[in-house]
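Read through the structure below, which is laid out as structure tokens, and then see the notes.
Only this structure's heavy atoms are used, side chains among them; waters, hydrogens and symmetry mates stay out. Residue numbers count from 1 along this sequence.
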Amino acid sequence: MTPTAHVRPYRPADAPALDDICIRTAHNGRDSRPVYADPALLPAIFAAPYVHLDPDLAFVLDDGQGRAVGYILGTADTPRFVEEFRAKWLPRVADRYPAPEGPPGTPDEAMAKLLHDPERMIVPELAAYPAHLHIDLLPDRQGRGHGRALMRTFWRALRERGVPAVHLVMSTANTPARAFYDRMGFHVIETAGLDPADVTCLGRTTDDTGRP
């Protein structure tokens, strides 16, 4: 029988697979390895801190044989997450990925600047959407309904915590991801401090009633 992929809670043994998924999808949905000298920097920003600080809100797509081939990660409380990122996560990785001394000159330095500025995640216009998320699937697992299953699992976990709405910040250039988020009922949130040519903020409620 062909193993059936399914969504399940994150387990610590999944951490290397999640790092790999992040690296292979972090460049506008494509493999980041040709772009970054040390692509392990990407999961240190966008994956590992979430399973370290909020493991109960981490879910994976299991390939049916125990291997994670996709994930959804996030937090129910972005301001609290930012505080813990600064106090608990950054000290674990700061020596390996130091902040650039001046304006970033390489893609790695640009990402290191993001790592050392978790406060960038606090955007006034997103206050009504206290949760945020990251979702990634390996290319051969996309377009099969797995992203929808991961989203619904995450929304349910947020509802159980009484969280009314969730946001995400995506690269505007990642048009396939934007099409997926549109199908999932997300809408644009206008923000004054972010360049829409660079990033797009999207949000929606955690209510799953009548959604696609």
Side-chain angles (χ1 to χ4, degrees), residues 9-23 25-26 32 36-60 68 71-136 150 153-155 157-171 189 191-194 198-199 201-203 206:
Y10 165 81
R11 299 191 289 248
D14 297 320
L18 268 58
D19 287 356
D20 180 63
I21 295 164
C22 181
I23 289 169
T25 58
S32 68
Y36 296 91
D38 185 358
L41 171 58
L42 281 301
I45 305 170
F46 301 116
Y50 291 88
V51 298
H52 180 71
L53 299 172
D54 270 308
D56 292 342
L57 281 174
F59 303 93
V60 305
Y71 61 71
I72 191 165
L73 316 168
T75 183
D77 183 342
T78 297
R80 188 269 308 163
F81 180 81
V82 167
E83 290 180 2
E84 293 191 355
F85 191 109
R86 169 71 64 188
K88 299 179 180 180
W89 177 252
L90 194 53
R92 298 170 65 95
V93 296
D95 289 346
R96 182 176 178 185
Y97 304 113
E101 295 182 0
T106 67
D108 291 66
E109 289 182 352
M111 286 296 150
K113 182 179 179 180
L114 294 183
L115 172 68
H116 285 265
D117 182 24
E119 290 76 18
R120 65 186 159 76
M121 289 184 265
I122 299 178
V123 178
E125 294 91 342
L126 302 178
Y129 304 80
H132 75 262
L133 67 85
H134 296 278
I135 181 170
D136 289 298
L150 285 165
T153 300
F154 190 75
W155 297 338
L158 291 177
R159 289 198 304 274
E160 290 171 354
R161 289 161 172 78
V163 181
V166 59
H167 75 267
L168 60 91
V169 180
M170 61 166 290
S171 169
I189 305 170
T191 57
L194 300 175
D198 183 30
V199 296
C201 297
L202 303 174
T206 58

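Among all heavy-atom pairs drawn from W155 and T206, the shortest one is CB-O, 3.7 Å. Heavy atoms only, all atoms of each residue included: C201 and V169 are closest at SG-CG2, 3.9 Å. For the pair L126 and I189, the tightest heavy-atom approach, listed with the atom from each and the gap, is CD2-CD1, 3.6 Å. Between A44 and Y97, the closest heavy-atom pair is CB-CE1, 3.9 Å. Pairing each heavy atom of A48 with each of D19, the nearest pair is CB-OD1, 4.3 Å. When all heavy atoms of A68 and V60 are compared, the pair lying nearest together is CB-CB, 4.0 Å.
Between R86 and E119 a salt bridge is recorded (basic side-chain N to carboxylate O distance below 4.0 Å). Note on R80 versus E84: salt bridge recorded, some NZ/NE/NH1/NH2 to OD/OE distance being below 4.0 Å.
Judged by distance alone, the side chain of T106 and the main-chain N or O of E109 form a donor-acceptor pair under 3.5 Å. Using modelled atom types, one side-chain atom of R120 and one backbone atom of D117 make a donor-acceptor pair closer than 3.5 Å. Side-chain atoms of R161 come within 3.5 Å of backbone atoms of A157 as a donor-acceptor pair (strictly under, hydrogens ignored). For D54 (side chain) and A76 (main-chain N/O), no donor-acceptor pair under 3.5 Å exists by modelled atom type.
Atom CG in L73 sits 11.0 Å away from atom OG1 in T75 (nearest 0.5 Å). To the nearest 0.5 Å, atom NZ of residue K113 and atom CG of residue D108 are 15.0 Å apart. Distance check, rounded to the nearest 0.5 Å: CD1 of I21 to CG of L42 gives 13.5 Å. With rounding to the nearest 0.5 angstrom, the CG atom of D14 is 12.5 Å from the CG atom of D20. Here L150 contributes atom CG and D136 contributes atom CG; the two are 10.0 Å apart, rounded to the nearest 0.5 Å. Atom CZ of F59 is separated from atom OG1 of T153 by 6.5 Å, given to the nearest 0.5 angstrom.
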Going through the distances and angles, do K88 and L53 end up as a side-chain contact (heavy atoms from CB on, under 4.5 Å)?
CA-CA 8 Å; K88 299 179 180 180; L53 299 172; 4.0 Å; yes

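Side-chain atoms of H167 and L202, non-hydrogen and from C-beta on, never get closer than 4.5 Å to each other. Side-chain contact between S171 and D198 is absent, with no heavy atoms from C-beta onward closer than 4.5 Å. The closest side-chain heavy-atom distance from L194 to V123 is below 4.5 Å. Counting heavy atoms from C-beta outward, M121 and T78 have side chains that approach closer than 4.5 Å. Using a 4.5 Å cut-off on side-chain heavy atoms (C-beta onward), L133 and F154 make contact. With a 4.5 Å cut-off on side-chain heavy atoms, L18 and F46 do not count as touching. In this structure, the side chains of L90 and L115 come closer than 4.5 Å at one or more pairs of heavy atoms. Side-chain contact check for R96 versus D38: some heavy-atom pair is nearer than 4.5 Å.
Within the structure, ring-ring contact (aromatic ring centres under 6.0 Å, His included) contacts touching residues 105-129 (residues at least two apart or in different chains) are Y129-H187.
For Y50 and F81, the ring centers sit closer than 6.0 Å to each other.
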